[in-house]
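This is the structure I have questions about; it appears just below.
Below, chain A is the first sequence line, B the second, and so on; all start at residue 1.
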There are 2 protein chains.
Amino acid sequence: MFSNSAKYAINAVLYLAIHSKGSEKILARDISGSISVPKAYIAKLLQELVRHDIISSERGPKGGFYLTEANRKVPMIQIVEMIDGEELFKSCVLGLAHCNEAKPCPLHEKISPYRWSLLTALEYNTIQDYADEISKNKSYLPQ
Amino acid sequence: MFSNSAKYAINAVLYLAIHSKGSEKILARDISGSISVPKAYIAKLLQELVRHDIISSERGPKGGFYLTEANRKVPMIQIVEMIDGEELFKSCVLGLAHCNEAKPCPLHEKISPYRWSLLTALEYNTIQDYADEISKNKSYLPQ
DNA sequence: TCCTAAATATGATTTTTATCATGTTTTTTA
DNA sequence: TAAAAAACATGATAAAAATCATATTTAGGA
Ligand code: FES
Ligand code: FES
């Protein structure tokens with residue numbers, strides 16, 4: 001479904017959302033440990049998330065990663081699309097040029113309503129929305 | 001979702017189901033051309049499908065690939081599992097040890113209906129079922 | 001101002017997946 | 001019984017994804 005990188009990025013961002021209150025900063029090292037992804041790997045992903053304005057960072061001692069209010073309002077889909085691209089939900093599961101209502105592949109009818117609802121769930125729910133669910137123990141993070 | 005190999009295999013098998021009536025055999029070369037996958041690549045996949053009793057073949061001149069009645073009754077899921085493995089539908093999309101109803105990850109609720117729809121569509125429908133839909137122009141194959 | 005701790009930039013390596021190639025076996029047919 | 005046409009087996013190469021490494025820049029604090 002998602003690439004490893006996309007999974008890791010989602011985990012990292014949600015970890016941040018839950019653990020960095022206000023301007024409290026979290027180190028790449030700590031995120032790495034908590035979500036069990038090698039530091040060098042997650043660091044690279046975090047840097048790209050910063051470049052795309054999905055999370056925020058500060059360098060130097062006392063630096064680290066954190067989320068602004070604006071960051072918290074970013075829809076989840078942006079994390080996925082940053083890494084796996086926009087085609088993920090738009091391409092046909094069997095390889096038709098584009099998923100096509102008019103000339104559907106054999107699996108289209110069975111899956112597209114559910115696929116569409118997944119897409120909208122990622123489009124209309126923000127990082128904060130998902131973090132809230134975790135805080136309320138309605139869902140859990142890996143580890 | 002599926003690997004390229006799995007997509008190709010599904011396409012190849014459905015092509016076979018539609019074009020090989022009875023004991024009529026289809027060449028790897030023809031399948032390759034029709035579904036736009038390099039011959040050497042699809043040939044390798046076809047051979048593995050034969051080894052798993054999902055399709056049938058005969059060597060030599062007048063040889064080729066075809067489907068027995070038994071082959072036509074094989075559920076689609078077998079093609080996918082042969083190639084992408086059984087974990088595809090059982091593993092958590094965010095990396096929890098296993099997809100878990102009791103302790104779900106933040107995306108579980110959103111994604112489960114999609115995955116479930118895909119899984120059941122593949123488990124409860126046979127190769128022939130899908131071929132019939134295509135023959136009745138209710139769905140189409142790539143290209 | 002200098003040292004240190006952090007992110008950042010960049011690129012190298014490894015692993016996996018996708019693709020290509022080539023020789024071997026089987027079977028039909030002349 | 002020889003030639004040809006097909007699948008089959010095996011492995012080589014290429015491309016992409018995942019992982020690791022290292023030098024640079026920035027900012028805080030002594
Ligand atoms: S998923 Fe194949 S056409 Fe929509
Ligand atoms: S728990 Fe993550 S997909 Fe079910």
Side-chain angles (χ1 to χ4, degrees), chain A residues 1-13 16 20 23-33 35-68 71 80 82-85 87-88 91 95, chain B residues 1-13 16 20 23-33 35-68 71 80 82-85 87-88 91 95:
Chain A
M1 181 85 241
F2 301 136
S3 65
N4 280 357
S5 292
K7 286 185 205 176
Y8 297 166
I10 294 173
N11 277 295
V13 172
L16 259 187
S20 134
S23 66
E24 226 180 290
K25 297 181 196 74
I26 310 279
L27 304 186
R29 182 201 320 145
D30 296 334
I31 300 175
S32 157
I35 68 176
S36 306
V37 177
K39 173 169 181 285
Y41 192 176
I42 199 67
K44 205 172 196 175
L45 287 173
L46 289 167
Q47 287 159 30
E48 219 186 324
L49 288 163
V50 170
R51 237 178 294 130
H52 283 78
D53 293 311
I54 295 172
I55 67 176
S56 302
S57 68
E58 211 148 290
R59 299 208 225 189
K62 299 283 166 185
F65 297 92
Y66 65 102
L67 298 177
T68 62
N71 291 152
V80 174
M82 182 191 92
I83 295 167
D84 289 343
E87 282 306 288
L88 185 60
S91 62
Chain B
M1 185 84 240
F2 300 139
S3 64
N4 278 356
S5 292
K7 287 185 204 174
Y8 297 165
I10 293 174
N11 278 294
V13 171
L16 258 187
S20 135
S23 66
E24 224 179 290
K25 296 181 198 72
I26 310 280
L27 303 187
R29 179 201 322 143
D30 295 333
I31 299 175
S32 157
I35 67 176
S36 306
V37 176
K39 172 168 183 284
Y41 193 177
I42 200 66
K44 208 173 194 175
L45 286 173
L46 289 167
Q47 286 160 31
E48 218 187 323
L49 287 163
V50 171
R51 240 177 292 130
H52 283 78
D53 294 312
I54 296 172
I55 69 176
S56 302
S57 69
E58 212 148 290
R59 298 207 225 189
K62 300 280 167 189
F65 298 92
Y66 65 102
L67 298 177
T68 62
N71 291 151
V80 173
M82 182 192 91
I83 294 167
D84 289 343
E87 281 308 288
L88 184 61
S91 61

Rounded off to whole Å, could you give me the CD1-to-C1' distance for the B/I42 and D/dA7 pair?
14 Å
Roughly, in whole Å, what's the span from CG in A/L46 to P in C/dA9?
13 Å
B/K44 has a side chain; which of D/dA18, C/dT10, C/dC20 sits nearest to it?
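Closest of the options to the side chain of B/K44: C/dC20.
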Where the side chain of B/S20 meets the backbone of B/Y66, is there a donor-acceptor pair that is under 3.5 Å apart?
no
To the nearest Å, how far apart are B/H52 NE2 and D/dC8 P?
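After rounding, the gap between these two atoms is 14 Å.
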Is the base of D/dT25 touched by the side chain of A/R59 through a donor-acceptor pair closer than 3.5 angstrom?
yes
Less than 4.5 Å apart, side chain to side chain, heavy atoms only: is that true for B/I83 and B/F2?
no
Considering every strand and a 4.0 Å limit on heavy-atom distances, what is the contact class for B/A43: base, sugar-phosphate, or nothing?
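No contact.
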Spacing of B/Y8 atom OH and B/S3 atom OG [to the nearest 0.5 Å]:
9.5 Å
Evaluation steps, side-chain contact (heavy atoms from CB on, under 4.5 Å), between B/L45 and B/S5
CA-CA 8 Å; B/L45 286 173; B/S5 292; 4.0 Å; yes
Closer to the 5' end of DNA chain C via nearest nucleotide, is it A/V50 or A/P61?
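Here A/P61 is the residue nearer the 5' end.
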Separation of C/dT17 P from B/I83 CD1 (nearest whole Å)
12 Å
Using heavy atoms to find the nearest nucleotide of DNA chain D for A/S5 and B/A28 separately, return the residue whose nucleotide is more 5′.
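Its nucleotide being nearer the 5' end, the pick is B/A28.
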Specify the separation, in whole Å, of atom NZ of B/K25 and atom P of C/dT28.
9 Å
Counting heavy atoms from C-beta on, name the nucleotide in D/dA7, C/dT8, D/dA6 closest to the side chain of B/R29.
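That would be D/dA6.
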Phosphate-side-chain proximity, A/S57 and C/dT8, N/O vs OP1/OP2 below 4.0 Å
yes
Indicate whether OP1 or OP2 belonging to C/dT19 is found under 4.0 Å from a side-chain N or O atom of B/Y8.
yes
Whichever of B/E58 and A/V37 has its nearest DNA chain D nucleotide further upstream toward 5'
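Mapping each residue to its closest nucleotide by heavy atoms, the 5'-most match is B/E58.
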Can you tell me the distance, in whole Å, between the CG atom of A/L45 and the C1' atom of C/dT8?
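About 14 Å, once rounded to whole Å.
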Among C/dA7, D/dA9, C/dA18, which nucleotide has an atom closest to any side-chain atom of B/N4?
C/dA18
Length of the line joining A/I31:CD1 and C/dT8:P, which is rounded to integer Å:
11 Å
Length of the line joining B/K7:NZ and C/dA18:P, which is rounded to integer Å:
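It is 9 Å, rounded to the nearest whole Å.
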Can you measure from CD1 (A/I26) to CZ (A/F65) and round to the nearest 0.5 angstrom?
11.0 Å
Among D/dC20, D/dG29, C/dC20, which nucleotide sits nearest the side chain of A/K62?
D/dG29
